[in-house]
Amino acid sequence: MSHEEKNTWAQLASTALVTGAYLLYVNQLLGAGVFAAPDGLAVLGRTVLIVMVGGGIVVNIVAAILVNIVFAIATGDAHPNMATDERDRMIELRSFRVAALGLGVGFVLSMVALALGQSAFVVLNLIIVTGALANVLSSIVKLVEYRRGF
Amino acid sequence: MGSPPISNSIRRLRFENGEMTQAALAEQVGVTRQTILAIEQGRYSPSLEVAFRIAAVFGVPLEAVFTFEPDGKGR
């Protein structure tokens with residue numbers, strides 16, 4: 001398994017973990033009525049920045065390190081090749097196209113929700129969740145292309 | 001998408017060159033071992049540059065390594 005493929009597994013796991021944690025936390029805040037307050041959207045913004053962005057970066061780095069350690073132990077290769085090549089870059093581009101498409105669909109869905117009179121809270125979370133789903137889909141496409149070829 | 005309509009003789013050429021490993025070929029070509037494996041199994045069509053580099057490692061012309069089979073006989 002190439003270095004990039006291992007990192008994709010790490011990214012997939014960290015996106016699922018961080019998004020799950022974000023949804024649980026936001027659900028708790030919602031239950032406590034935090035978002036009904038005048039500064040509710042500011043709290044949501046801070047939550048996204050801290051959990052999804054900050055937490056996402058940290059968890060992704062930790063997951064990448066753990067995945068590389070696990071594979072190094074499983075394969076007995078203490079110095080795996082970390083190089084990338086044209087195939088990695090091609091797969092990255094193809095998966096990026098899927099992510100961009102997913103984000104576009106998410107944005108349109110959010111605008112539809114807005115047009116139907118949904119609150120800013122719902123619309124913003126729709127953008128965030130579809131963004132996370134686009135990221136997951138892009139990672140899955142990457143893993144399939146590494147295995148199946150193209 | 002199915003396999004590309006290109007077959008190759010990399011496995012045979014490696015065998016004829018002292019059982020060269022995929023890792024050794026990858027290092028000389030400048031790609032990862034996984035890419036050599038994917039090319040050898042017909043799961044990836046390399047760029048023209050990498051194709052020429054592979055042929056150069058074996059010291060043979062490009063057509064001795066890769067064969068275009070548009071009728072779908074590619075591996």
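The basis for the numbers below is simple: all heavy atoms, side chains too, and nothing from hydrogens, waters or symmetry mates. Residue numbers begin at 1 in each chain, while the letters A, B, ... track the order of the sequences.
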Asker: So which atom in A:Asp88 and which in B:Thr32 form the shortest heavy-atom distance, rounded to 0.1 Å?
Answerer: OD2-CG2, 4.1 Å
Asker: Looking at A:Arg148 and B:Arg43, would you say the former's side chain and the latter's main chain have a donor-acceptor pair under 3.5 Å?
Answerer: no
Asker: Counting only heavy atoms not in B:Glu27 (residues, nucleotides, ligands), do more than 12 fall under 6.0 Å from its CD?
Answerer: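 At most 12 heavy atoms, drawn from other residues, nucleotides or ligands, come within 6.0 Å of this atom.
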Asker: Once rounded to the nearest 0.5 Å, what's the spacing between atom OG1 of B:Thr35 and atom CD1 of A:Ile91?
Answerer: 7.5 Å
Asker: More than 12 foreign heavy atoms under 6.0 Å from CZ of A:Arg97: is that the case here?
Answerer: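 Result for CZ/A:Arg97: open.
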Asker: Check the hydrophobic clustering (I, L, V, M, F, W, Y; side-chain heavy atoms under 4.5 Å; chains of links allowed) and say if A:Phe96 and A:Leu143 are grouped together.
Answerer: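 A:Phe96 and A:Leu143: separate clusters.
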Asker: Quick check for you: to the nearest 0.5 Å, what is the distance between B:Glu49 atom CD and A:Glu86 atom CD?
Answerer: 7.5 Å
Asker: So with a 6.0 Å cut-off around CZ of A:Phe121, is the heavy-atom count from everything else above 12?
Answerer: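 Atom CZ in A:Phe121 is packed in, count exceeds 12.
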Asker: When rounded to the nearest 0.5 angstrom, what distance separates CG in B:Leu37 from CZ in A:Arg87?
Answerer: 8.0 Å
Asker: Is it the case that more than 12 heavy atoms not belonging to A:Tyr25 sit under 6.0 Å from its OH atom?
Answerer: no
